[in-house]
Amino acid sequence: MRFCQSFMDELYRYLGPDQDLPAEDVGVGPREMGYLFGQYRRLSGHFQGNFTGPKIFWSGSSFRTEATGYGLVFCARVVLADMNKELKGLRCAISGSGKIAMHVLEKLLSCEAIPVTVSDSKGYLLDGEGFDYVKYSLIRNIKAQQKSLKDYLKTFPRAKYIDDAKPWGEQCDVAFPCASQNEIDQGEALAIVTSGCRVLIECSNMPCTAQAVDILRKAKVHVAPAKATAAGGVAVGELELNSEFSLMQWSVEDFENKIQDAVKQTYDRSMKAAHDYGIMKGNPESLVHGANISAFLNIAQAMTDQGCV
């Protein structure tokens with residue numbers, strides 16, 4: 001609490017409903033966001049300036065923590081639709097078991113996909129039959145009690161926990177790296193290609209090293225870059241910057257529709273940018289190049305309109 005308060009002593013002047021908002025990340029959860037918000041409110045003297053992740057009764061969106069994970073699955077659905085495929089029945093490998101990974105897992109189940117792995121810092125859990133809602137609840141309980149994923153084997157002994165390894169060698173159709181930056185290096189990229197994976201949805205920021213990206217590109221694995229796949233969480237973050245947001249009552253359906261719209265718009269803009277610059281839709285790298293081009297053009301247009309400020 002003292003650390004968060006000291007940090008906010010210097011940060012608060014850069015935050016507000018018309019400036020910026022902080023968000024949860026590795027090691028920063030609802031507890032830390034609560035301390036940060038409390039100190040921000042004390043220093044600023046008002047209740048404005050939404051923080052992502054907190055409880056709805058004091059600020060922020062009640063659906064913010066789900067938005068990023070759900071958006072990643074919606075992005076996968078859009079990418080697969082362009083390939084004339086759907087998530088239903090596809091084997092999905094997930095790394096990580098934090099908030100984003102668990103919400104990816106939850107939404108994959110609702111799409112009738114077959115998620116088969118999650119991981120932690122010690123190794124990964126494989127259930128070849130696929131997780132269902134009962135197994136998902138068990139994993140959530142294990143994580144809530146800060147226990148090892150190995151405890152899953154006590155209830156489902158046919159599953160496996162592989163120590164000191166990552167899940168990328170397991171057979172899958174779609175990969176969801178949700179753990180950390182640079183978690184997929186050259187060796188893991190080769191394992192992904194060998195596993196039969198054809199689509200990789202970047203869930204953490206820059207999960208692939210440059211060497212891994214090169215291997216995936218040569219193997220024609222479709223990669224959806226994090227700058228595009230994170231559109232769901234970003235969209236809700238933008239809503240939270242709206243000063244009237246706290247007065248609005250959104251249903252789960254409203255939120256999911258907004259997330260899906262944001263994901264589809266980001267995808268369409270990226271693919272249009274790729275096409276405009278001579279990169280055809282069939283190219284596995286089209287979304288990567290299109291997202292980069294689209295993001296650059298947005299910044300360049302803002303600089304042209306507003307000057308280099």
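From a predicted model like this one, the values you see are computed outputs, not experimental measurements. Numbers for residues simply follow the sequence, beginning at 1.
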Original post:
Are Leu297 and Tyr277 side-chain neighbours, meaning at least one heavy-atom pair lies under 4.5 Å?
Top reply: yes
**OP:** May I ask you to decide if the ring planes of Phe3 and Phe7 are parallel, tilted or perpendicular, using 30° and 60° as cut-offs?
**Re:** parallel
**OP:** In plain terms, say whether Lys143 and Asp120 are close enough for a salt bridge, that is, a side-chain N and a carboxylate O under 4.0 Å apart.
**Re:** no
Original post:
Do Tyr136 and Arg140 get their side chains close enough for a donor-acceptor pair, meaning under 3.5 Å?
Top reply: yes
Original post:
What distance do Glu202 atom CD and Leu72 atom CG have between them, rounded to the nearest 0.5 Å?
Top reply: 10.5 Å
Subject >> Option from Lys88, Glu86, Arg77 for which side-chain contact (heavy atoms from CB on, under 4.5 Å) with Cys111 holds >> reply: Arg77
Subject >> Sidechain-backbone polar pair: Ser110 side chain, Lys107 backbone, donor-acceptor under 3.5 Å >> reply: yes
Subject >> Polar side-chain atom of Ser137 near backbone of Tyr133 as donor-acceptor pair, under 3.5 Å >> reply: yes
Original post:
Just by distance, do the side chain of Thr117 and the backbone of Leu125 share a donor-acceptor pair under 3.5 Å?
Top reply: no
**OP:** Check for a donor-acceptor pair, side chain of Glu256 on one end and backbone N or O of Glu253 on the other, with a separation under 3.5 Å.
**Re:** no
**OP:** For residues Ile299 and Met303, determine if any side-chain heavy atom of one lies less than 4.5 Å from a side-chain heavy atom of the other.
**Re:** yes
Original post:
So, do Cys203 and Thr229 sit near enough that their side-chain heavy atoms are less than 4.5 Å apart?
Top reply: no
**OP:** Identify the heavy atoms of Ile184 and Ala189 that sit nearest to each other, and give their distance.
**Re:** CG2-N, 3.8 Å
Original post:
What are the two closest heavy atoms between Leu126 and Ile162, and how far apart are they?
Top reply: CB-CD1, 4.4 Å
Original post:
Do side-chain atoms of Ser294 reach the backbone of Gly290 as a donor and acceptor pair under 3.5 angstrom?
Top reply: no
**OP:** For the residue pair Arg198 and Lys220, establish whether any side-chain heavy-atom pair is separated by less than 4.5 Å.
**Re:** yes
Original post:
Nearest heavy-atom pair of Ala212 and Cys208: which atoms, and what distance?
Top reply: CB-CB, 4.1 Å
Subject >> Trp168-Leu108 co-clustered via ILVMFWY side chain contacts under 4.5 Å >> reply: no
**OP:** Indicate the atoms forming the closest heavy-atom contact of Pro225 with Val223, along with that distance.
**Re:** CD-O, 3.6 Å
Original post:
Does a donor on one side chain and an acceptor on the other come within less than 3.5 Å for Asn292 and Lys227?
Top reply: yes
Original post:
By side chain to side chain contact (heavy atoms under 4.5 Å, CB included), which residues pair with Ala231, not counting sequence neighbours?
Top reply: Val263, Thr266
Subject >> Heavy atoms from other residues, nucleotides or ligands near CZ of Arg13 exceed 12 (cutoff 6.0 Å) >> reply: yes
Original post:
Rounded to the nearest 0.5 Å, what separation is found between the CD atom of Glu188 and the CD atom of Gln186?
Top reply: 10.5 Å
**OP:** Would you check if Leu287 and Met271 make a side-chain contact, meaning some heavy-atom pair closer than 4.5 Å?
**Re:** yes
Original post:
Would Ile279 and Met83 show up in the same hydrophobic cluster when neighbours are defined by side-chain heavy atoms closer than 4.5 Å?
Top reply: no
Original post:
Below 4.5 Å, heavy atoms only, C-beta onward: do Tyr152 and Val118 meet side chain to side chain?
Top reply: no
**OP:** Would you please say whether a donor-acceptor pair under 3.5 Å links the side chains of Asp9 and Gln39?
**Re:** yes
Original post:
Any side-chain heavy atom of Pro284 sitting closer than 4.5 Å to one from Leu216?
Top reply: no
Subject >> Full working for side-chain contact (heavy atoms from CB on, under 4.5 Å) between Glu129 and Lys135 >> reply: CA-CA 11 Å; Glu129 298 175 355; Lys135 296 174 179 178; 3.8 Å; yes
Original post:
What are the two closest heavy atoms between Ala179 and Ser95, and how far apart are they?
Top reply: N-OG, 3.5 Å
Original post:
Between CD of Glu170 and OG1 of Thr194, what distance do you get to the nearest 0.5 Å?
Top reply: 12.5 Å
Subject >> Heavy-atom pair with the smallest gap, counting every atom of Cys92 and Ala113 >> reply: SG-CB, 4.0 Å
Original post:
Distance from Asn205 atom CG to Gln181 atom CD, nearest 0.5 Å?
Top reply: 7.0 Å
Subject >> Hydrophobic cluster identity match, Ile142 and Ile94, side-chain contacts under 4.5 Å >> reply: yes
Subject >> Atom pair OG (Ser121) and CG (Leu149), whose distance is rounded to the nearest 0.5 Å >> reply: 9.0 Å
Original post:
Would Glu183 and Lys166 pass as an ion pair if we require N to O under 4.0 Å?
Top reply: no
Original post:
Mind checking whether Ile192 and Ile201 sit in one hydrophobic cluster, side chains of I, L, V, M, F, W, Y counted as touching below 4.5 Å?
Top reply: no
Original post:
Just by distance, with hydrogens left out, do Glu106 and Tyr70 show a side-chain donor and acceptor under 3.5 Å apart?
Top reply: yes
**OP:** Would you check if the side chain of Arg158 reaches a backbone N or O of Asp127 as a donor-acceptor pair within less than 3.5 Å?
**Re:** no
Original post:
Hey, does the side chain of Tyr161 reach the backbone of Gly123 with a donor-acceptor pair shorter than 3.5 angstrom?
Top reply: yes
**OP:** Please round to the nearest 0.5 Å and tell me the distance separating atom CD1 of Ile114 and atom CG of Leu90.
**Re:** 8.0 Å
Subject >> pair Arg42-Gln5: side-chain heavy atoms closer than 4.5 Å >> reply: no
**OP:** For Arg217, check salt bridge (Lys or Arg N to Asp or Glu O under 4.0 Å) against everything at least two apart and list the hits.
**Re:** Asp214, Glu285
Subject >> Backbone of Gly130 reached by a side-chain donor or acceptor of Arg91 within 3.5 Å >> reply: no
**OP:** For the pair Ser180 and Ser204, evaluate side-chain contact (heavy atoms from CB on, under 4.5 Å) and give the outcome as yes or no after the intermediate values.
**Re:** CA-CA 6 Å; Ser180 61; Ser204 55; 5.6 Å; no
Original post:
Charged N to carboxylate O under 4.0 angstrom, Lys272 versus Asp268?
Top reply: no
Subject >> Any donor-acceptor pair under 3.5 Å from His103 side chain to Lys99 backbone >> reply: yes
Original post:
So if you build clusters from Ile, Leu, Val, Met, Phe, Trp, Tyr with side-chain heavy-atom gaps below 4.5 Å, do Leu200 and Val193 land together?
Top reply: yes
Subject >> Side-chain donor/acceptor of Gln301 to backbone N/O of Asn298, under 3.5 Å >> reply: no
